[in-house]
> 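Before I ask anything, here is the structure I am working with.
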Protein chains: 2
Amino acid sequence: MSRRQVFYDLLSELEQERRKDTDKLFDKLQENYGLRHQSYVNYSLAAGRQNALDLHHTFPEEFVKLYKEKDLHLTDPIAQSGLSGIKPVHWQKYRNEPSAKFLFSLASQFGITDRGLTIPLLCRGSQAAMYSINADVPQKDWFKYRTEYIGELQILATYLHSARQELAQEDETPELTARESEVLTWTAAGKSYWEISMILGISERTVRFFMTNTRNKMGVVTNSQAVAQGVWRGIIPL
Amino acid sequence: MSRRQVFYDLLSELEQERRKDTDKLFDKLQENYGLRHQSYVNYSLAAGRQNALDLHHTFPEEFVKLYKEKDLHLTDPIAQSGLSGIKPVHWQKYRNEPSAKFLFSLASQFGITDRGLTIPLLCRGSQAAMYSINADVPQKDWFKYRTEYIGELQILATYLHSARQELAQEDETPELTARESEVLTWTAAGKSYWEISMILGISERTVRFFMTNTRNKMGVVTNSQAVAQGVWRGIIPL
DNA sequence: AAGAATACTGTCGCAACCGACAGTACCCAC
DNA sequence: GTGGGTACTGTCGGTTGCGACAGTATTCTT
């Protein structure tokens, strides 16, 4: 069966919502798209809480372990572009970037080449996700490969993402109380504890109390970090 | 020139960021993908800028006027799915939906068929965007059409969207240097000045210097406020 | 040659943050 | 009626943020 035919079949299945089994879709992609490695990652929470991420990949375990240990997701320009941008990211664009130097050299030790592609995926509110592939093609065929496959890969990744989102339905967004989100919102607006206490007509100590609860619930350590999460999740109306 | 060749050329151009002219891309799509109509719409959901609606389309003006007048976007199940979902929406899925009954009958008066597709687009912050097409094909070819084109349409719509986002941001987004956004990002990740100085290998004073510049450029008074703006504007990769 | 923009560093000092120790009062569910 | 969640308040003391006073070095433009 040709790859094009595989794509047609997969698409028909996905459109009819008959496929909820993301593992099989992953395998189909692996088999039919000349992939060396692929990964789907969904950061439910921002930096600092790695336990709440949905990661599915075929990269060498040892590599992923090192990647996590060294917090490379914070410096990796590919991950950054993938999580903040809209367009697909060509790994080679960052080949000579100083911030990616270590990453590429580490990757090559595990047989990962720079013929890779990272597709940002659509998330509502609380998350950021991306799908990456490392193709098993020589450099000379790389342009043709990605031009040929990128459309199909993006649409399939979209469906993969959608399915995993549906599966992981349980909402991890911590519920802030009315007061907590109120105080968080004023903090995002640049007010100090004292100012907020005046605005809300409560004591400064109480404002602190709410912010402490907010930080704890969000699993963050500073107010700035809480604000980042709050804006990201749409808790804070700007 | 075959459509496939057109796609290849467009993709090469878009990947090299040579194309900022979204109108031309729109025209190319219109010409080469058998489209009757197409539309790109970006709703900015921010409280501050409620009237910011980026709409670009080839639908009959009279139809769009009626659509707006009757606030159909509030009942239109296709728009709803497009703005809240992840997967592409097939218009026909809602053909027999009561809430879409009026819409479809209105549309048909303007020569708009139900062979349409709406692709949700990725937005950061409180925005939502989608790209829709109405194909100029008979019902019998519709399945083949969308299976054949959906991948290409999604990827091209992604680039169209990205370009329009960039244009929209150039207006008001300041201007942070590499170091400034780097420091802002680490702040949003909950790091203290001292920690950031260790991470970046510069003095703590210099970290403060960059954050002070960032605050001044953004016109805000606290780091938390700067982080809120940064996340909102997509400066900060989470 | 002068000016502007960027990257960087130093010290003083107060305001603000934030953890850890306390509490009180209300409401709702089991 | 006891346990748990929310709303609130107080004090102590160390840490961090941040303004205001300083600078130097490099690069790019006019």
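Chain letters run A, B, ... following the sequence lines, proteins first and then strands; every chain starts at 1.
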> Applying ring pair (Phe, Tyr, Trp, His ring centres under 6.0 Å), can you list everything that pairs with A:H56, at least two apart in sequence or on another chain?
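Only A:F26 meet the ring pair (Phe, Tyr, Trp, His ring centres under 6.0 Å) criterion with A:H56.
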
> Could you tell me how far apart B:I196 (CD1) and D:dT16 (P) are, to the nearest whole angstrom?
12 Å

> Given atom CG of B:N223 and atom P of C:dC18, what is their separation to the nearest angstrom?
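Distance, rounded to whole Å: 11 Å.
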
> Between A:Y40 and A:D54, is there a donor-acceptor pair closer than 3.5 Å when you use the side chain of the first and the backbone of the second?
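Checked: no pair found.
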
> As a test of reading the structure: which of D:dG17, C:dA16, C:dC18 is closest to the side chain of A:R215, going by heavy atoms?
C:dC18

> What is the distance, to the nearest angstrom, from the CH2 atom on A:W194 to the C1' atom on D:dG17?
19 Å

> Across the strands shown, which category fits B:N213 at heavy-atom distances under 4.0 angstrom: base, sugar-phosphate, nothing?
nothing

> Say you draw a straight line from CD of A:Q225 to CG of B:N223; how long is it, rounded to the nearest 0.5 Å?
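Output value for this atom pair is 13.0 Å.
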
> Rounded to whole Å, how long is the line connecting atom CE of B:M211 with atom C1' of C:dA16?
15 Å

> Just wondering, do A:F104 and A:I78 contact through their side chains at under 4.5 Å, heavy atoms?
yes

> Would a 4.5 Å heavy-atom cut-off, applied to side chains only, mark B:Y159 and B:L11 as touching?
yes

> Expressed in angstrom and rounded to an integer, what is the separation of A:L176 atom CG from D:dT6 atom P?
10 Å

> Polar pairs (N or O, both sides) under 3.5 Å between protein and nucleotides 4-13 of chain C?
unit_1: C:dA7; atom_1: OP2; unit_2: B:T177; atom_2: OG1; d: 2.8
unit_1: C:dC8; atom_1: OP1; unit_2: B:R179; atom_2: NH2; d: 3.3
unit_1: C:dC8; atom_1: OP2; unit_2: B:R179; atom_2: NE; d: 2.6
unit_1: C:dT9; atom_1: OP2; unit_2: B:S203; atom_2: N; d: 2.8
unit_1: C:dT9; atom_1: OP2; unit_2: B:S203; atom_2: OG; d: 3.3
unit_1: C:dT9; atom_1: OP2; unit_2: B:T206; atom_2: OG1; d: 2.4
unit_1: C:dT9; atom_1: O5'; unit_2: B:T206; atom_2: OG1; d: 3.4
unit_1: C:dG10; atom_1: N7; unit_2: B:R205; atom_2: NE; d: 3.2
unit_1: C:dG10; atom_1: O6; unit_2: B:R205; atom_2: NE; d: 2.9
unit_1: C:dG10; atom_1: O6; unit_2: B:R205; atom_2: NH2; d: 2.8
unit_1: C:dT11; atom_1: O4; unit_2: B:R205; atom_2: NE; d: 3.1

> Check this one for me: any side-chain N or O of A:Y193 less than 4.0 Å away from OP1 or OP2 of C:dC18?
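Yes.
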
> Can you find a pair of side-chain heavy atoms, one from A:R95 and one from A:W91, that are under 4.5 Å apart?
no

